[in-house]
Amino acid sequence: MKKFLFIFLILILVFGAGVGGYFIGNSQKTNETATITNKDVVEILDKFCYSAGWTNTTNTNSVKASSNEEIYDKDYMDYNGQEDFIKSWIYLSKYTLLHPDVMAGQYYISNATYRYNDYQYTGTMGLYYEFGNNCAYINIHDFNSQTTVTIIVDIAPVEKDTYQINIILDKSIVGFEQKEGVTLQQLNMDQYINEIYSFSMFTMETDEKNLSNIAIEDVSEMRLYGCDLRTNKQIDIYKTSIINEQTYTFDALLGKLKEQTSRTQGVAFGSREYKEIDVLEEVYRNLGYEII
C-alpha cells in the first residue's frame, strides 16, 4: 500500500502545523511493533460500528479558528452523503477479516448481486490486507468503477482519547462524481466508544500522481469538508476558498494527505490469481439489501 494510491479521512483536535479542528497531529504515538491479528482489527471496526449512535457530547476542544467554519448545533454526525460508502468499506473489511479462509498477504475476490427497491446491482470486489506497526492496511478494489480504497485501522489510540480510521481513495469525489485524483477521509472515535465525533474529507481532482511534486496549479478542483461534534463546528470549502485560507491552507491539507499515504505501500489489482470468497453477500445483507 504505497504513497498516492487511495484515501478516506476524518477530523479532530489541534494540528500544530496549521490545520485546526479537522485533522489530528500524528497518526501513531508508538514505535513499538505489536503482533496484530484479524480479531484485533475486527474489534476496532466493531467499536466504530457500535459508536455510530451519534450521541452528542458537551466536551469541547480549543482549535484555531477559520473564517470559513460555521456553527453546527445538531447532535448527530453529518457525513455529507458519504455515510453509506463508509459503512460499505468498514463492513467489507470486517467480514473479510472474519472469513475463516482469509489470510494476510493474499489476494481475494468476491461477487454478489443485490436488489434494493427497483434497483439491481452486481458488485465485484478485490481484497488484500496486511498488518503494519500497530495497525492494519485493508485494500479493496471495486472492479466496476476501477476504484481502489485503502483503509488504515490503528489498533491503539492515536492520541490519548482518540481512535482513528483513515480511508484513502485513488479518485477525486468533488461533487460526488469520481474523477482522476485522490481523497482522504478520516473518522475519529472517543476512547469510551460513545461516539464517532468527527469526520473530515479532503479531496483533489488532479492528473498529477506524484504528491511530492504537486502544486495548487496542478489541481483542477478540491474540497475540504468537516463536521465535529466536540467543537460544534462544520466546514465545507472548495479551491477558491482554500487558496485564501489562513488555517486550512493547501500546504497544510496536502501535508495531511502525504502523512497518511506515506504509511501505505502500492497494491496492484488486475491480472493476477485471486481466491474467491463469499463475503460480499454478507456485506450487502447487513446493509439491508436483498441478495439475489
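Shown here for Glu273 and Tyr107, the closest heavy-atom pair between the two residues is O-CB, 4.0 Å. Annotation for Ile90 and Ile151: closest pair N-CD1, 4.4 Å, computed over non-hydrogen atoms. Residues Gly132 and Tyr137 share a closest heavy-atom pair of CA-CE1, 3.7 Å. When all heavy atoms of Ile242 and Leu224 are compared, the closest pair comes out as CD1-N, 4.2 Å.
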Just do the side-chain contact (heavy atoms from CB on, under 4.5 Å) check on Asn232 and Asp73 with the steps written out, would you? CA-CA 6 Å; Asn232 300 115; Asp73 57 5; 6.0 Å; no
Test side-chain contact (heavy atoms from CB on, under 4.5 Å) applied to Val279 and Leu92, step by step: CA-CA 7 Å; Val279 299; Leu92 191 53; 3.9 Å; yes
Verify side-chain contact (heavy atoms from CB on, under 4.5 Å) between Asp154 and Asn134, making sure each step is shown before the conclusion. CA-CA 6 Å; Asp154 287 302; Asn134 215 21; over 6 Å; no
Please report the C-alpha distance between Ser241 and Tyr248 in whole Å, then the side-chain angles of each, then the deciding distance to 0.1 Å, and finally whether the side-chain hydrogen bond (donor to acceptor under 3.5 Å, both in side chains) criterion is met. CA-CA 10 Å; Ser241 296; Tyr248 304 103; over 6 Å; no
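Residues satisfying the salt bridge (charged side-chain N to carboxylate O under 4.0 Å, His left out) test with Glu245, not counting sequence neighbours, are none.
Of the listed residues (Ile86, Leu45, Ile138), just one forms a side-chain contact (heavy atoms from CB on, under 4.5 Å) with Ile165, and that residue is Leu45.
Side-chain contact between Trp89 and Ile140: present, with at least one pair of heavy atoms (C-beta onward) separated by less than 4.5 Å. Using a 4.5 Å cut-off on side-chain heavy atoms (C-beta onward), Ser172 and Glu180 make no contact. Looking only at side-chain heavy atoms (C-beta outward), Phe269 and Thr148 come within less than 4.5 Å of each other. No side-chain heavy atom of Met125 sits under 4.5 Å from any side-chain heavy atom of Ile109. Contact annotation: the side chain of Leu127 approaches that of Ile277 to within less than 4.5 Å [non-hydrogen atoms, C-beta and beyond]. Asn210 has its side chain out of reach of Ile214: every pair of non-hydrogen atoms, C-beta onward, lies at least 4.5 Å apart. Side-chain contact between Leu254 and Met204 is present, with heavy atoms from C-beta onward closer than 4.5 Å.
There is no side-chain donor-acceptor pair under 3.5 Å between Glu281 and Tyr95. Between the side chains of Asp278 and His99, at least one donor N or O sits under 3.5 Å from an acceptor N or O. Using modelled atom types, one finds no donor on one side chain facing an acceptor on the other under 3.5 Å when comparing Thr231 with Tyr72. With no hydrogens or angles considered, a side-chain donor-acceptor pair links Tyr108 and Gln106 at under 3.5 Å. Side-chain contact of Asn111 with Thr124: a donor-acceptor pair under 3.5 Å is present, judged by distance alone. With no hydrogens or angles considered, no side-chain donor-acceptor pair links Gln234 and Asp236 at under 3.5 Å. Judged by distance alone, the side chains of Thr147 and Gln178 do bring a donor and an acceptor atom under 3.5 Å apart.
Grouping Ile, Leu, Val, Met, Phe, Trp and Tyr residues whose side-chain heavy atoms lie under 4.5 Å apart, directly or via other members, places Val174 in a hydrophobic cluster with Tyr238.
For an aromatic pair to be called close, the ring centres must be under 6.0 Å apart, and Phe131 with Tyr129 satisfies this.
Ile71 and Leu229 end up in different hydrophobic clusters when Ile, Leu, Val, Met, Phe, Trp and Tyr side chains are linked at under 4.5 Å. Under the 4.5 Å side-chain heavy-atom criterion for ILVMFWY residues, no single connected hydrophobic cluster contains both Tyr284 and Ile292.
Taking the six-membered ring for Trp and thresholds of 30 and 60 degrees, Tyr121 and Tyr114 have ring planes inclined between 30 and 60 degrees apart.
Electrostatic pairing of Glu221 and Lys179 does not count as a salt bridge here, judged by no charged N lying under 4.0 Å from a carboxylate O. Note on Lys258 versus Asp251: no salt bridge recorded, every NZ/NE/NH1/NH2 to OD/OE distance being 4.0 Å or above. Salt bridge annotation for Arg115-Glu290: present, with a cationic side-chain nitrogen under 4.0 angstrom from a carboxylate oxygen. Remark: Glu43 does not engage Lys47 in a salt bridge, criterion side-chain N to carboxylate O under 4.0 Å.
For Tyr116, the OH atom counts as loosely surrounded, since its 6.0 Å shell holds 12 or fewer non-hydrogen atoms of other residues, nucleotides or ligands. Shown here is Asp207, whose CG atom has no more than 12 heavy atoms of other residues, nucleotides or ligands within 6.0 Å.
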